[in-house]
Amino acid sequence: VPPPEARSIGVEELREAPLMLSRRRDGGGGYDLIMRAFQDKGVRPNVVLDSQDTRLLHKLLRQGMSAVAILPEREVAAGTLESFPMRRLDVPGLDLAPVLIWLEHAYLSRTARRVIQCLHKVNADPGEQPDFKI
């Protein structure tokens with residue numbers, strides 16, 4: 001299937017494409033949302049592989065497997081697939097982001113506080129102040 005010219009693509013356009021999907025073992029992530037989007041549009045996806053190991057999907061693409069991989073954008077941004085055509089999948093509600101959760105008054109080790117601070121620093125918009133105290 002030749003890549004579309006648009007910046008985004010809907011599940012309808014993937015009707016005939018062999019698909020490789022990222023699927024987390026715990027059921028989290030976007031897999032269920034993607035499958036529901038296919039179902040909502042009445043499209044039966046041609047899933048040839050689903051794996052929790054996205055490195056495997058990267059490797060198969062680089063080795064020439066003729067398939068469309070649906071991967072989290074942050075994992076593609078790592079740079080190993082920059083030579084491949086890419087499109088954003090247009091699925092309502094698929095804008096997922098990691099979340100850190102901890103009890104507000106529970107003890108956090110110094111290491112845990114540093115991890116939270118580092119993650120916030122890396123992912124925060126410039127000038128954004130954290131809405132939490134550590």
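Heavy-atom neighbours of Gln39 CD from other residues, nucleotides or ligands within 6.0 Å: at or below the threshold of 12.
The nearest pair of heavy atoms linking Pro18 to Ser66 is CG-O, 3.3 Å. Residues Ala67 and Leu61 come closest through the heavy atom pair O-CD2, 3.6 Å.
Side-chain contact between Phe38 and Val47 is absent, with no heavy atoms from C-beta onward closer than 4.5 Å.
To the nearest 0.5 Å, the span separating CZ on Arg23 from CG on Asp32 amounts to 7.0 Å. With values rounded to the nearest 0.5 angstrom, Gln63 atom CD is found 13.5 Å from His58 atom NE2. Here the CZ atom belonging to Arg110 is positioned 13.5 Å from the CG atom belonging to Leu108, to the nearest 0.5 angstrom. Here the straight-line distance linking atom CG of Leu89 with atom CD1 of Ile9 works out to 7.5 Å at 0.5 Å rounding. Thr54 OG1 to Ile70 CD1: the interatomic distance, rounded to the nearest 0.5 Å, is 14.0 Å. Atom CG of Leu57 sits about 11.0 Å away from atom CD of Gln52, to the nearest 0.5 Å.
Not counting sequence neighbours, the partners of Asp40 by the side chain to side chain contact (heavy atoms under 4.5 Å, CB included) test are Arg36. For the salt bridge (Lys or Arg N to Asp or Glu O under 4.0 Å) test, no residue two or more places apart in sequence or in another chain qualifies with Lys59.
Between the side chain of Glu13 and the backbone N or O of Gly10 there is at least one donor-acceptor pair closer than 3.5 Å.
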(message) Please determine whether side chain to side chain contact (heavy atoms under 4.5 Å, CB included) holds for the pair Leu56 and Met20, giving the CA-CA distance in whole Å, both sets of side-chain angles, and the decisive distance to 0.1 Å.
(response) CA-CA 10 Å; Leu56 172 65; Met20 296 190 303; over 6 Å; no
